[in-house]
Amino acid sequence: MDKSYDPAGIEERQYARWEESGYFAPAGSGDPYCIMIPPPNVTGTLHMGHAFQDTIMDALTRYHRMLGHRSLWQTGMDHAGIATQMVVERQLNAEGTSRKQLGRERFVERVWQWKELSGGSIRRQLRRLGASVDWSRDRFTMDEGLSAAVTQVFVRLYDDGLIYRGKRLVNWDPVLHTALSDLEVLQSDEPGHLWHFRYPLADGRGHIVIATTRPETMLGDSAVAVHPDDERYRELVGKKLTLPLVNRNIPIVADGYVDPEFGTGCLKITPAHDFNDYELGLRHDLPVYNIFDDNAAINELAPPAYRGLDRLAARKKIVDDMRALGLVETVEDHTLSVPRGDRSGAIVEPYLTDQWYVDIKPLAKPAIEAVESGRIRFVPANWAKTYFDWMHNIEDWCISRQLWWGHRIPAWYDEAGEIYVAQTEAAAREKYGLPDNVSLRQDEDVLDTWFSSGLWPFSTLGWPAETEDLRTFYPGNVLVTGFDIIFFWVARMIMLGLKFMGDVPFREVYIHGLIRDQDGQKMSKSKGNVLDPLDLIDGVDLDTLLKKRTAGLMQLHLKPAIDAATRQQFPNGIPAYGADALRFTFAALATTGRDIRFDLGRIEGYGKFCNKLWNASLYVLRSTEGFKRGDATLSAADRWIRSRLNQTISSVNDHFRNYRLDLAAQAIYDFTWHEFCDWYLELSKPVLQSGHATDAEKNGTQLTLLEVLETLLRLLHPLMPFITEEIWLEIAGRAGVAGETIMLQPFPVNDERWRDDEAEAELRWVMQFILGIRQIRGEMDISPGRPLRVLLQEASDEDRRRAARHAHLLERVGRVQSVRALQQGEAVPAAATALLGEMKLLVPMKGSIDVEAEKSRLVKQRQKLLLDLERSRQKLDNRNFVNNAPADVVTKENDRAAEFGRQIGQLDEQLAKLDALG
RNA sequence: GGGCGAUUAGCUCAGGGGUAGAGCGCCACGUUGACAUCGUGGAGGUCGGUGGUUCGAAACCACCAUCGCCCACCA
C-alpha cells in the first residue's frame, strides 16, 4: 500500500476493474432490489444535485447488493425536449445560423450529435462518482425501445378515450413558440400598473370605468362584466358599450365571478387572452377575438393601427391613444403576478390553439389511492400531503409541444382534418381502413418530455414486451428524488405505472433536500455559484474556476461580482478531495431538511477522514506483517472494540433502512475516528510493541485489528467505495477473507455474540483513568511526554485489580510511569487529583505542580458539580416529582445527587490538603 | 388566500419528555515509530418569543415573530 493516500489513482484503477468484471449487473438468486435513476437531462453535465442524488442511490444499491439482493440500479438519460432544444439553438445562434435555417431534419440530427457529447460527459461523471449502475442496460428516452413504448402508451390512452385533442386556451410561450403545461409556468410578482379606462355606453348616456393591468388585451374584449348584486351597475346589465379604439359594441353582463370590491367593480372580458375570461365567455356565449399571433404581437384581426406591434409596444400605444381620447381616468401602481415560462423566462400568454390533452382525473384517482393505502410510502411522510394537494386539484395535462426535439405524436390527419391515431402510418391505415390513395400527414408536434419520463420505470425494462426483467424488477423498491419534481415526474410515474402495469412503480419515494451553496442560495449558472462535482474530486485552480463560472454568461454585467465572490471564497482554487470524500460529504449532508447547504468545510473534514482511514490501515498492515492464525486470546480491549463495532453495525443498518445516511455516516465516522483510531490502535501498541504480551495475546490483538478493520471497510463501502476497496484488497487475505472485491462481500450485520458489557465497563475504566491523567497534564501544563507517578486513593479491590491488569496500557497510553495504591493509613501527599468512581487518582506534586493552579482547577470542577447537585436536589425536594415520576427516574436522580455530593466531598478533601500546603 | 418547512455553540447541522451534542472555527500545549490531512487539553449555548399540557418542556400543543419554499390567485 502506498505510504500516502492518493484518491485519483485508486479511483481510476478500481472503477475500471469493477466495470470490466461485470460487478454492477444484478446477480445471484436473492430478492430483487431495484432503483431507477431519475434520468439526467442531456443538456450538458451533472451538477451538485445530481451528484448528491447519485451518491444516495449508489450507497443504497451497494448496500443491498452486499446484503445479497439481486440489485439493479437502472441508468439512462432523458432527452429533455425544451431544455435540450434550447441548448442546441443557442449554439446555432452563436454560429450565426438557426434552427429554422437548418430545417427540422438537420436540426434533429444536430441535437443527436449534442446528445452523444453530453451523454458522454454524464456517463464519465457517473463513473467518476463511483456509480455502480449496470451500463449494459443504459437507456435513453428517445432510443428505439422507449420510443415504441411512448407511442404505444399514447395510442392506448387515445383508444381508451383518455387522450383528446382540443382547441382551448393554453400557456403559450411566444419566444419558444410552444404550448406549456401548467407546471412549466412560474408566477412571479412584478411591479406594474392598474389602468382605469372609460368605456362609453353605446347609447351615448355616459360611460363606465374598467380597471386593467393589460390594456393591450382590450382589442380582444367581448364584454364587460359586473357582479349581479352590485347595485351600482344593476341598471346597466344588458346594455351595450362601445369598445374604444375598436368601435365594437359589447354587452355588459352580470357574473358572480366579478369581485365588486376590486377596482371599479367592472371587469373587461377578453375570452381569448385570459383563463378566467375564457370560462366567463363560455357561460355568457361571448365571441372570442384572438388578437395575437404566435409571437404575441397584434394580428390582423385588430384595427390596423396596432397590427404587428409587440405586446408591450401595443400597450403603450393603446394607453397613449386612450389618453388622447380622454378615456384614461387614473393609473395606479400595482403589483401583479406575471406568468413566465420556466425555461425561456418569457411572459407566457394564454393563447387559443389546438393541443393534445390527457384526461387526467381517471388516472389520478387510483394514484391517490395507492398512496392513501400505503402501497407507496413517502419518506419523509409529510411529502404525501404535498402529493395529495396537487392530485386532488389536478387539471388535464397538455402534452403536445411545438418543438422539433422529442417524440413525434403518433397521429395523422387526412385532408379533411380527420384524426387517425396509431403506432405508425401503416398501422393507422390498417386500423381505420384507409386506402393508399388517401394522403395522410403526421402531426408536427412532439410530446411533453415528462410523458416519456413517466414511463421510465417500465419502459427501461423492456415494456411493452413481457420481459423477465419486468417481472423481476417492477415495481422498483425506492425512488430517490427531489421534491421539486413530485408533480412533474413522481405523480405521473405513479399514474402511468398503475394504468399500464397494473401496479405501483415503486414502494417507497425517498425525497431528499436540494443542494444549495454555502449561503443557502440555489446554485445556478447566472448566479455564478455552481460547483462542478468533478472539480471537488479532482481539484481546480482559481483561473480555471473563474473561467468556468463566467463563460457563456447571459448577463455580462454580473461577471465582476461573480469574479470577486469566487476569488474571495476560493483564493487558491479548490484542492482535490477525491470521490470518496465528496460522497461521504453528501451522505453526511443528507438530513431530513429541504435545503442542504454545501459547506466546503465539511468536505475538507471528510477528506481528512479518508486520510485517517488510510493511515490507520497502514498501521494495521505494519502491525500484522507475517500474521498467521494461531492460538489467540482476546484482551478486554479486543473484546471492547468488537463490541463497539457491533453496536455501530447495528445502528448503521438501522439508518440505512430509514434512509438516514447522515446518521449512518456519523456513526461510522465516530466509531472509526474516536474509538478505533483514538483508542483501540493506541491500546494495541503496548501489546504489539513491547515485550510484555504473550504470543496468544499478540495474536488476539492482531486478529482483532484485522477483523475489525476488514469489517469496518465493508460497513463503509457503500459510502466510500474506492478507498475501502483499495484497502480491503490489501488486508482481506490477512484477515482470512477470500474474494476479488469488497463490493460483493456481505454487509456487516449485528451479531449479539460480540456484545460484551463487561469489556466495555473495563475499558471505560481504563479510558477514564487515562483521560483523568491527561486532564491533569493539560490543565497543569505538564508536558505530555513526561511520565507520571500515580497514586490511587480509596481504591477498591476491583480498582486495584484493574490497575494491575492494565498497567501496560496505562503506562504506555497514559504515559504513566507507575501506579500504586495507597495503603490504609498511609500519608497522602500533596497532589493533583482526578476522580474515577469511588477512587481518586493522585499525581503527587513534589514542587513540580503549581498549587494555586491545581486549586483553581479543582474549584472550577467543584462549581460545576455544585450546579448539578443543586438542580438535582431541587427536583428531589419537589414532592410532585417524587410522587409522579417513574420510580427508576427518581432512583436515578437520587443516585446522581449522591454521586455529585460524593465527588464534591472528594474535591473538598483535596482542596483542604492543598490549603494546608499553602 | 391555502399549505409546508426552518429557527439549537462564531459557522454548518444532528438530536429529542428527565445530564445540551458533532464537525469546522477559536485558545493553549505537543516532532509520543499510522497519521501535523495529526495528537492532547480547553473556552463557547437561559435550544426564536409568549402561553399551555406535564411532577418535569429545548423536545408535545396553541399563538406570535423572522426567514424560506410550494400551490392558487381579483382584473
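Sequence lines set the chain letters: A, B, ... in the order given, protein chains first and strands last, and positions in each chain run from 1.
- Residue-to-nucleotide contacts include a donor-acceptor pair under 3.5 Å from the side chain of A:Arg896 to the base of B:U19.
- The side chain of A:Asn615 lies closest to B:A34, out of B:C55, B:U19, B:A34.
- If you take CG of A:Asn611 and C1' of B:A34, they are 10 Å apart, rounded to a whole angstrom.
- Atoms CG (A:Leu613) and P (B:C35) sit 15 Å apart, rounded to a whole Å.
- Using a 4.0 Å cut-off, some side-chain N or O of A:His334 falls inside it from OP1 or OP2 of B:A75.
- Applying the 4.0 Å criterion to OP1 and OP2 of B:G3, one finds that A:Trp383 has every side-chain N and O outside that range.
- Applying the Watson-Crick and G-U wobble criteria (two distances, each under 3.5 Å), B:U40 pairs with B:A28.
- Nucleotide B:U7 has B:A65 as its partner under the Watson-Crick or G-U criteria, with both atom distances under 3.5 Å.
- Taking only side-chain atoms of A:Arg774, from C-beta outward, the nucleotide of B:G68, B:U40, B:A34 with the closest atom is B:U40.
- In this model, no donor atom of one side chain and acceptor atom of the other lie less than 3.5 Å apart for A:Thr585 and A:Tyr577.
- A:Lys685 has its NZ atom 4 Å from the P atom of B:A34, to the nearest Å.
- Whole-Å rounding puts the A:Gln187 CD to B:C71 C1' distance at 10 Å.
- With A:Trp614 contributing its side chain and A:Ile723 its backbone, the two residues share no donor-acceptor pair below 3.5 Å.
- Distances were taken from every side-chain heavy atom of A:Glu779 (C-beta onward) to each of B:G41, B:A34, B:G23; the shortest belongs to B:G41.
- Using the six-membered ring where Trp is involved, A:Tyr606 and A:Tyr669 have ring planes that are perpendicular, over 60° apart on the 30 and 60° scheme.
- For the pair A:Arg777 and B:G39, the criterion of a side-chain N or O lying under 4.0 Å from OP1 or OP2 is not met.
- Closest to the side chain of A:Leu267, out of B:C38, B:A75, B:A34, is B:A75.
- For A:Pro784, the side-chain atoms get nearest to B:C29 when compared with the rest of B:C29, B:A43, B:A75.
- Here B:G41 is the nucleotide among B:C4, B:U32, B:G41 with the atom lying nearest to any side-chain atom of A:Gln775.
- Contact annotation for A:Cys677: base contact, defined as any heavy-atom pair under 4.0 Å involving a base atom.
- Closest to the side chain of A:Asn382, out of B:A34, B:G5, B:C73, is B:G5.
- Of the candidates B:G68, B:U19, B:C55, B:U19 carries the atom nearest the A:Lys892 side chain, counting heavy atoms from C-beta on.
- Counting atom types as modelled, A:Ser337 pairs a side-chain N or O with a base atom of B:C73 as donor and acceptor under 3.5 Å.
- Of the listed nucleotides (B:U19, B:U12, B:A34), B:U12 has the atom at the smallest distance from the side chain of A:Asp599.
- Between the side chain of A:Lys612 and the base of B:C35, at least one donor-acceptor pair of N or O atoms lies under 3.5 Å.
- Nearest nucleotide to the side chain of A:Arg594, out of B:C69, B:G41, B:A34: B:C69.
- For the residue pair A:His227 / A:Asp255, no side-chain donor-acceptor distance below 3.5 Å is found, with atom types taken as modelled.
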